[in-house]
Amino acid sequence: MTRLKQALLFAAGGFVCLVLGLFVLTRPADRALLRATAPSGENLILFEGDRDFRGFPLSVGRRTYVYVGRDTTPTGYGHVTTFDLHPEMVDPALGVEAYAKRVTVTWSETGVTLEEPSGHRLFLPKRAYAGGR
């Protein structure tokens, strides 16, 4: 095999590895961390989404989102907002799943409140996810 063929084969292999690596790093996760249902039937799902490269190269994590709506999946009708769990409050030994199980969801006539064990709160007014929006 000539050196040119070897170089082309090496370059093609490198390109394939690069494409596969980028696919693995950027594919969405959409893993539910918490589900809560209101008495009126709306659902709140705290889920982990795609990779977050905002802190690259120092940190690469995953974004977390809150979905509120009638459907039971975050891709359905409803309201989605980014809500990053506060990593400084997450015990690395337990992981994000254990922390998310300690999140409190409170439904009211005016909306829904999600509260982390750290005290961070997110309030979504009912008009954002109900009434034909």
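Separating the OG1 atom in Thr82 from the CG atom in Leu122 is a distance of 10.5 Å, to the nearest 0.5 Å. The OG1 atom of Thr106 sits 11.0 Å away from atom CZ of Phe123, with the distance rounded to the nearest 0.5 Å. With rounding to the nearest 0.5 angstrom, the CG atom of Leu33 is 5.5 Å from the CD atom of Glu48. With values rounded to the nearest 0.5 angstrom, Thr113 atom OG1 is found 10.0 Å from Trp107 atom CH2. Taking CG of Leu4 as the reference point, atom CG of Leu9 lies at 11.0 Å (rounded to 0.5 Å). Between Phe83 atom CZ and Leu124 atom CG the span is 9.5 Å, to the nearest 0.5 Å.
Side-chain contact check for Val103 versus Pro117: some heavy-atom pair is nearer than 4.5 Å. Counting heavy atoms from C-beta outward, Val80 and Tyr129 have side chains that stay 4.5 Å or more apart. For the pair Val105/Val112, a side-chain contact is recorded, criterion being any heavy-atom separation below 4.5 Å from C-beta on.
A donor-acceptor contact under 3.5 angstrom links the side chains of Tyr99 and Glu116, judged on distance only.
The hydrophobic cluster around Phe10 extends to none of the other residues, as no ILVMFWY side-chain heavy atom falls under 4.5 Å of it.
The shortest heavy-atom contact between Glu115 and Gly119 is OE2-CA, 4.2 Å.
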Under 3.5 Å, side-chain donor or acceptor atoms of residues 36-47 against the rest of the protein: list the pairs with distances, not counting sequence neighbours.
{"unit_1": "Thr37", "atom_1": "OG1", "unit_2": "Asn43", "atom_2": "OD1", "d": "2.9"}
{"unit_1": "Ser40", "atom_1": "OG", "unit_2": "Glu42", "atom_2": "OE1", "d": "2.3"}
{"unit_1": "Asn43", "atom_1": "ND2", "unit_2": "Arg70", "atom_2": "O", "d": "3.2"}
{"unit_1": "Asn43", "atom_1": "ND2", "unit_2": "Asp71", "atom_2": "O", "d": "3.0"}

